[in-house]
Each structure stands twice: as structure tokens, then as C-alpha cells.
2 protein chains.
Amino acid sequence: MGAVPADGVKQTRRDQILDAAAELFARHGFHGVGIDDIGAAVGISGPALYRHFRSKDAMLGEMLTSISERLLEGGQARVDAAPDAATALQALVRWHVDFALDDPALITVQMRNLANLTDPDRRRVRALQRRYVEVWVTALQESVAVDEPTARAAAHAVFGLINSTPHSAHLDRDQMAALLTRMALASLTTAGVLATA
Amino acid sequence: MGAVPADGVKQTRRDQILDAAAELFARHGFHGVGIDDIGAAVGISGPALYRHFRSKDAMLGEMLTSISERLLEGGQARVDAAPDAATALQALVRWHVDFALDDPALITVQMRNLANLTDPDRRRVRALQRRYVEVWVTALQESVAVDEPTARAAAHAVFGLINSTPHSAHLDRDQMAALLTRMALASLTTAGVLATA
DNA sequence: ACAAGGGGTAAACGACCGTTAACCAGCCTG
DNA sequence: CAGGCTGGTTAACGGTCGTTTACCCCTTGT
């Protein structure tokens with residue numbers, strides 16, 4: 001799990017810790033996992049983590065801001081690269097689906113543990129998330145006829161749909177990707193028709 | 001928030017506590033809210049809760065089992081009352097949408113705090129959830145041509161879509177219900193086409 | 001050769017928090 | 001009017017857990 005570790009390349013200890021923590025946070029929740037658990041997961045024990053992070057809160061903070069940045073950056077890039085609005089939307093869906101399938105732990109943590117962030121960290125993450133939603137909202141408005149509040153709600157709904165992936169490991173990766181992409185696009189294009197019926 | 005309190009009728013103190021706890025758990029997570037917080041939310045303080053519940057875990061347990069029971073019971077009832085498979089699926093969607101819109105806190109807790117349950121409670125809740133999923137899976141297989149694993153994954157995806165409702169309060173209740181219903185049905189009917197493409 | 005520092009350890013500290021104990025006020029019943 | 005539930009209260013206990021401290025090894029550059 002956790003995005004493929006680049007090549008055979010040794011990832012820095014920080015990243016190793018972050019990956020292990022993400023997995024644990026996803027499974028047991030932020031408060032449900034102790035500093036000792038995280039240490040044990042990477043073969044060191046307990047307080048050694050403080051050689052790499054200022055606090056447990058800092059781990060979650062760094063984890064969530066980095067997810068949000070990657071999501072925003074990747075999404076924006078794909079929209080910019082798309083020739084027209086319709087393919088931009090498709091690219092966004094595929095991007096988010098790939099992300100969710102490759103990093104289910106990170107997605108889960110981002111969905112569930114926003115509340116456990118420190119106040120400044122939460123502000124930062126929320127700002128990034130808002131910008132990401134904004135990317136979706138404009139892509140939606142440009143490709144399907146829909147008012148802005150509906151577009152916003154539809155975006156959140158599709159996030160929920162795609163992010164549900166950690167809960168169902170019944171299909172293999174490619175089938176799952178195809179299914180989620182199809183469902184997401186279907187729901188989005190329908191969202192436009194008779195928007196304010 | 002929290003399902004309409006029947007009529008003007010006074011709800012029992014237990015239910016009052018459960019409602020307040022649900023709201024708090026949804027907002028801050030199970031471990032993020034203290035026994036004192038829950039007490040304060042209903043005007044009593046701290047340990048008085050132990051006159052009504054055996055433990056904090058017991059509150060969560062009762063909360064989640066009751067949600068799961070209501071969900072299953074209501075879903076099954078609607079399927080039984082439906083004349084054919086297609087309307088059964090529509091009824092399921094509407095049922096789940098209504099539930100999510102009327103009890104956003106409960107839905108949120110059920111999605112996020114399964115891991116915080118005690119082992120026996122978790123087994124109970126999971127069993128109920130499995131049966132609920134089963135209701136959806138059979139309804140799906142009878143109305144759209146789709147293999148079972150795909151139906152299962154699609155059901156989870158639609159739960160994610162509908163349960164996203166707490167994150168977006170941009171639309172009023174009826175518009176939101178219409179939007180979610182439309183999106184859910186669109187994604188589901190599309191899930192069947194070329195299922196194992 | 002050696003000082004420096006990065007990265008690890010185990011032990012102690014301190015706060016928080018779920019739970020229990022001891023106590024008490026009102027109400028309803030006999 | 002006595003006496004026992006019912007449902008509160010505050011204070012104390014105990015465990016868990018994040019964090020700090022003190023110590024140590026091993027590597028590396030001078």
C-alpha cells in the first residue's frame with residue numbers, strides 16, 4: 001500500500017515514518033494509534049520519532065498538507081493540459097480515481113482526520129481543499145450546464161463516491177478504476193441536466 | 001439536527017444524550033470528545049452519564065447498532081414494498097438519501113468511527129451492514145445486469161456519494177435530495193452497462 | 001585521533017480522561 | 001412520614017500517552 005516507493009530507491013526515514021503513520025491512522029484513527037505504535041511500525045521505538053518530527057500533531061499536519069498539495073497540483077495540471085472542458089473533467093476524474101486507488105490510506109486519513117489537525121494546520125489544509133474544489137467547480141460549470149452551488153455539491157458527492165474505494169477490495173485495481181470512473185462521469189453529467197428542476 | 005424529535009414529545013434522557021453525543025462524535029471524533037463534553041451538551045456534567053450508560057464505549061455501540069438496524073430495516077421494507085426491481089432500487093436510493101439528509105451526524109459517525117467500537121459491538125454492526133449491502137446487491141443485480149463483485153463495489157461507491165452530504169450544506173434539503181438521488185441512480189444504471197468491460 | 005552530531009534507547013514526568021466512590025436532593029409509594 | 005429509587009453532584013483514582021531528559025553508539029570530516 002502507500003504509493004509505489006519510487007524505484008528500488010531508499011526513501012528517507014521521514015517518508016518511511018509518514019507512510020507507516022498514514023496506514024495506522026487510516027486503520028485506527030489518529031487518537032487510536034500511539035507514538036509507540038508508529039515507531040514499532042518502522043522498527044524503531046517510541047520517542048525516537050522526535051528526531052524527525054516536532055510532535056505527533058506535526059506528523060498529521062505534514063501528511064495532510066502534502067496530500068492536499070499533491071491533489072491540487074495534479075488536478076490543476078491536468079485541467080491545464082486538457083484541450084477542452086469536457087476532457088478536462090474526464091482527466092480530473094481519472095486523476096482522482098488513480099490517487100484514491102494508489103493511496104487509499106492517505107485518502108482515508110484526509111477524509112476522516114481533518115478534525116484532529118491543529119488550528120493553523122487545519123486552516124492551511126482547508127484552504128488547499130477549497131482551491132481543489134474550485135478546480136472541479138469551474139471544470140464542471142464549463143462542461144455541463146449547472147449553477148455553482150449545485151456544481152459544488154456535485155463535486156463533494158463525487159469525492160465521496162471515489163473515496164469510497166478503501167471500503168471495497170472486491171475488484172482488482174483496473175476494474176475498480178474503470179467502474180469508479182464510469183460511475184463518477186455518469187453522475188456528473190446527469191448532475192447538469194435540469195440542475196434546478 | 002438529528003432526526004426530528006417525533007412530535008413535540010419529550011424524548012427520554014438516554015436519547016437526548018445519544019443525540020448530543022452523535023453530534024459531538026461526528027464533529028470531533030470519538031476520542032476527540034470527553035465524557036464531560038457530552039454531559040455539558042445536555043446540561044448535566046461528567047459522570048452523571050453513567051446513570052444512563054455503562055460506559056462511553058457502550059454509547060457508541062448503541063448508537064451504531066441502532067443506526068445499522070434502522071438502515072437495514074427501512075431498506076428491506078422498501079424493497080419488499082416495491083412492485084419490481086427497478087422501483088426497488090429507486091426506493092433504496094431515496095431511503096438512503098433521506099436518512100443521510102435527516103441524520104447527517106449519525107451517518108458521519110457510522111462512516112468514521114467503526115474502528116472505535118468494542119470488538120463484539122463491531123462484529124454486530126458489521127453483520128448488520130453486510131446484510132444492508134446485501135439488500136442493495138440483490139436489488140442491483142435484479143435491475144441492472146451486473147456481476148456480484150461489481151454490484152458490491154458499486155453499492156459502496158453510492159454509499160460514499162450519498163453520505164457525502166454532511167460536507168456540503170450549499171443547497172437546501174429538497175434540492176440536495178433531488179441532486180443526490182439523480183446522481184446516485186445515474187451512476188448505478190451506468191455501473192451495469194459493460195460491467196466487466 | 002578526535003570532536004561533532006545524527007539517530008537511537010530507556011526511564012521519568014505530567015496531563016488528560018474514563019471510571020468509581022461517596023454523598024445528596026427530590027419524588028413516589030406504603 | 002418513612003424510606004427507597006432516580007438522577008444528580010464533586011472529588012479522587014489509575015491508566016494511558018505524548019513529550020522530555022539523559023545517556024549512548026556510530027559515523028564522518030578535520
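Naming: A, B, ... by sequence-line order, numbering from 1 per chain. This structure is a prediction, so every number in the text was calculated from the model and none was measured.
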Quick one: CD1 on B/Ile107 to CG on B/Leu101, what's the gap to the nearest 0.5 Å?
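The CG atom of B/Leu101 is 9.5 Å from CD1 of B/Ile107, to the nearest 0.5 Å.
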Please give, in whole Å, the distance from [N] [atom2] to [X] [atom1]?
X       : N      : atom1 : atom2 : answer
A/Leu49 : D/dT20 : CG    : C1'   : 14 Å
A/Phe30 : D/dG18 : CZ    : C1'   : 10 Å
B/His31 : D/dG18 : NE2   : P     : 11 Å
A/Leu24 : D/dG18 : CG    : P     : 12 Å
A/Tyr50 : D/dC17 : OH    : C1'   : 9 Å
A/Phe53 : D/dT20 : CZ    : P     : 15 Å
A/Lys56 : D/dT16 : NZ    : C1'   : 11 Å
B/Asp36 : D/dT10 : CG    : P     : 10 Å

Beyond-backbone contact of B/Met176 with B/Ser168, side-chain heavy atoms, under 4.5 angstrom:
yes
Close side-chain approach of B/Leu71 and B/Gln129, heavy atoms under 4.5 Å
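Not touching, per the 4.5 Å side-chain cut-off.
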In sequence, state the C-alpha distance, the side-chain angles, and the governing distance for A/Arg173 and A/Asp98, and then conclude on salt bridge (Lys or Arg N to Asp or Glu O under 4.0 Å).
CA-CA 9 Å; A/Arg173 210 215 100 112; A/Asp98 283 340; 2.9 Å; yes
Does the side chain of A/His52 get closer than 4.0 angstrom to OP1 or OP2 of C/dG8 through an N or O atom?
yes
Given the rule in the ring pair (Phe, Tyr, Trp, His ring centres under 6.0 Å) test, do B/His31 and B/Phe25 qualify, once you have shown the distances and angles that lead to the verdict?
CA-CA 8 Å; B/His31 291 289; B/Phe25 290 166; 9.5 Å; no
Assign a letter to each nucleotide of nucleotides 21-26 of chain C from its 5' end: B, base within under 4.0 Å of a protein heavy atom; S, sugar-phosphate only; -, no contact.
-BB---
Hey, are A/Glu148 and A/Arg152 close enough for a salt bridge, meaning a charged N less than 4.0 Å from a carboxylate O?
yes
Counting any heavy atom closer than 4.0 Å, what does B/Val33 reach on the DNA or RNA strands: base, sugar-phosphate only, or nothing?
sugar-phosphate
What does B/Ile44 touch in the nucleic acid at a heavy-atom separation under 4.0 angstrom: a base, only the sugar-phosphate, or nothing?
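Sugar-phosphate contact only.
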Output the single nucleotide from C/dG18, D/dG8, D/dT19 whose closest atom is nearest the side chain of B/Arg13.
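Closest of the options to the side chain of B/Arg13: D/dG8.
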Going by the rule salt bridge (Lys or Arg N to Asp or Glu O under 4.0 Å), which residues pair with B/Asp174 if we only count those two or more places apart in sequence or in a different chain?
none
